[in-house]
Structures are given as structure tokens and as C-alpha cells.
Amino acid sequence: MKKRFLAVLLTVVMAFSAIYGAEGCREVFAATTPYSTHGRLSVKGTKLVDKNGKTIRLQGISTHGLAWFPQYVNKAAFKTLRDKWNVNLIRLAMYTAEYGGYTSGGKANMESLVENGVKYASSLGMYVIIDWHILSDGNPLTHQSEAVDFFTRMAKKYKNNGHVIYEICNEPNGCEWKDVKEYANKVIPAIRKYDKKAVILVGSTTWSQDLDKVADSPLKYKKNIMYTCHFYAATHKQWLRDRVSAAIKKGIPVFISEFSICDASGNGAIDKAEADAWMKFIKKNNISCVAWALDNKAETCSLIKADCAKTSGWKNSDLTDTGKYIKKAYTAK
Ligand code: IDC
């Protein structure tokens, strides 16, 4: 009897793997993806919480600019990060003004890479940030109408997809907090028209460091809104951690949607002591964070070595010092 039961069980399992493939089979039965455990996220007080109201800290990796490194938007890459790096979040950095970006001729290509990225991350039960990556176009108002149109369509498309998080302006610079507010006051309702629940991340002036200005004058929108802080450990130190702490004390929910451990140019030496201080701070305060960036460009912040052409399945020897540091920090108990 027991033998017969085992035989039937084996047949069922084999049938599933034949239909879905070994990987698909795992996903069909997946009891343990980040999303199956935590479900739709929301903001409670200053914390990000899961479907059970329990505080959750996301550990993410950002793509480099989608136009420069599209090859890393693939399911096997995301799966490697999920299974070997303990990553539960992918950030899709969709530059606007730079090379091949959304507002510089790359609209269709950008949208299709975002669509694929969201599809791969969702199918692996990972969270995914759609990042409107303003940078040289420092004032978000510059491309406000394009952003409103883009996010309206994204929200319509993904309103039932609880994996998706919207980041509406990567790093405002050369403008005032009132400009960012004016922009957010247009883009947030455009998203909320369709998607009532998704978490929305809002940047601040000086490359998303001015949490003090945010704390003095937050947006009127409160539901599932978080404010981003970006740090590069060799440039942004205790003073920025203090600013984050002060903002949290004033009730501001903070999300570190981009960081690295070198200087703000993305290059220069790693500051290990400051990086350690940040990781300790992040863990202690349960702040979600996203490391920049998944690519093999010859610069310090790249996670993959310049001579490694693999786009998934990296061994430790394929990783830069930054890559090794991030992987270790994310997998540390
Ligand atoms: C950098 C990339 C670099 C690219 C440059 C484009 O690492 O390869 O040539 O952008 O201008 C940020 C930005 C992020 C930057 C990164 C490092 O959000 O786009 O990426 N950085 O300079 N803020 C602080 C640092």
C-alpha cells in the first residue's frame, strides 16, 4: 500500500516536472518565494510591512541603466540573486535623459525591458521597483508629462500585481524640494487612479539625500508612500545616517533604493569601515536597501568583474570586491 502511494506520488511529481520543467515545478510548488511568504507590502508608521503586518526588510539589487546593460534583465540572473544572494527585490533603473533612455529616443525599448523585468521578477516571487531614473535631467518637472503618462500606463497594467513598487524620481538635483513636491503631486494621483495600494518611493533633492527637507514638509499623500535615501559609503557618512534617524523620528518612512560602498561617482576606493557602519545601521533600523549595480563595467560599484561575460550563475570569483561585499552582507545571518 505504502509502495503504491509512493509510486503514485512519484508519477505526479514527474508529470509536473515534464509540464513545467524542473524549475517551473519548483515554482509551482514554491512555498518559499519572498512573495508567497510576504505577499503585498504596505507601509505602517515608518516601516514597510508584509501581508501579515510584520516588518519586512527588502534586500535588493539594481540593474545598471537598462539601455547600457540589457543582458542582465534575464530570469536566470534574478534567480541567481534570489537563491544565492538572498535578494528579494530587483530595481529596474530606467534612465530618462541619458543614453537610450526613456526621453532620449529609447521609450519602446525601455518599456519592453521593464515589462520583461517585471515578468521575470514576479514569476520568481521577487519584488520589483520600476525606477524613473532621472539624473542629468535634475528637476523632475522637466519630464513631468512623460512621467505622468508612463506611470498611468504602468499602474493600469500592474494594479493587480503586488510585486511592483514605483520609484517616481531617482535623484532630483539642482532644484528645490517644492519642485519635487509639485511633481509628486501630479504623479502619485496618476498612479493611484488605477493602483490604490502599491508602495510608491519618492526621491528628494541633492541626489536623494535631503530627508531633512522631507521631514519639515512631507507630501500630503501618506498611504504607502516612502521617501528614498541614497548613499555611497565613501562620500556619505555619519551625517547622512543622522539625517535618516532624525527623519524617522519625525515619522518619515525611509527606503534606501540605491547605495554602494565606494564614492558617489561610482568609482574610487571602497570604504569598508563606513560600509560596515551603514549595513549595521540598515539592519538595526530595518531599512530596505538596494545595491548599485548589476553589470560588468570597469568601475568600483559594478558587482560583476569586467572580464566576466556571464549574465547569471556567477561564482564568487566572478564578483568584484563590491560584489563580494554585498553578497556577504546579504547572506550574513
Ligand atoms: C552611474 C553609473 C555609470 C554611468 C553614470 C551615468 O554607475 O556607469 O556612466 O551613472 O551618469 C547615482 C546614480 C547612478 C550613478 C551612480 C554612480 O543614481 O545613476 O550611476 N550614482 O555615479 N547616484 C549616486 C551615484
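For ligands, and for the atoms within them, numbers begin at 1 and follow the listed sequence. For reference, positions follow the sequence shown, starting with 1.
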**Q** Without swapping roles, check the side chain of Arg82 against the backbone of Trp85 for a donor-acceptor pair under 3.5 Å.
**A**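 Not confirmed, Arg82 side chain does not pair with Trp85 backbone.
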**Q** Checking the side chain of Ser62 only, and the main-chain atoms of Trp292 only, is there a donor and an acceptor separated by less than 3.5 Å?
**A**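 Such a contact is absent between Ser62 side chain and Trp292 backbone.
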**Q** Tell me which residues fall inside the under-4.0 Å heavy-atom shell around ligand 1.
**A**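 Shell around ligand 1 (4.0 Å, heavy atoms): His64, Tyr95, His133, Leu135, Asn170, Glu171, Tyr232, Glu258, Ala264, Ser265, Gly266, Trp292, Lys297, Glu299, Cys301.
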**Q** Would you say Gln209's side chain and Thr206's backbone share a donor-acceptor pair under 3.5 angstrom?
**A**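 Present.
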**Q** Taking the side chain from Tyr166 and the backbone from Val202, do they hold a donor-acceptor pair closer than 3.5 Å?
**A**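 It does not hold such a pair.
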**Q** Verify, without hydrogens or angle tests, whether Asn170 (side chain) and Ile134 (backbone) share a donor-acceptor contact under 3.5 angstrom.
**A**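 Side chain of Asn170 to backbone of Ile134: a pair is present.
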**Q** Just checking, any donor-acceptor pair under 3.5 angstrom between side chains of Asp276 and Tyr325?
**A**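 There is such a pair between these side chains.
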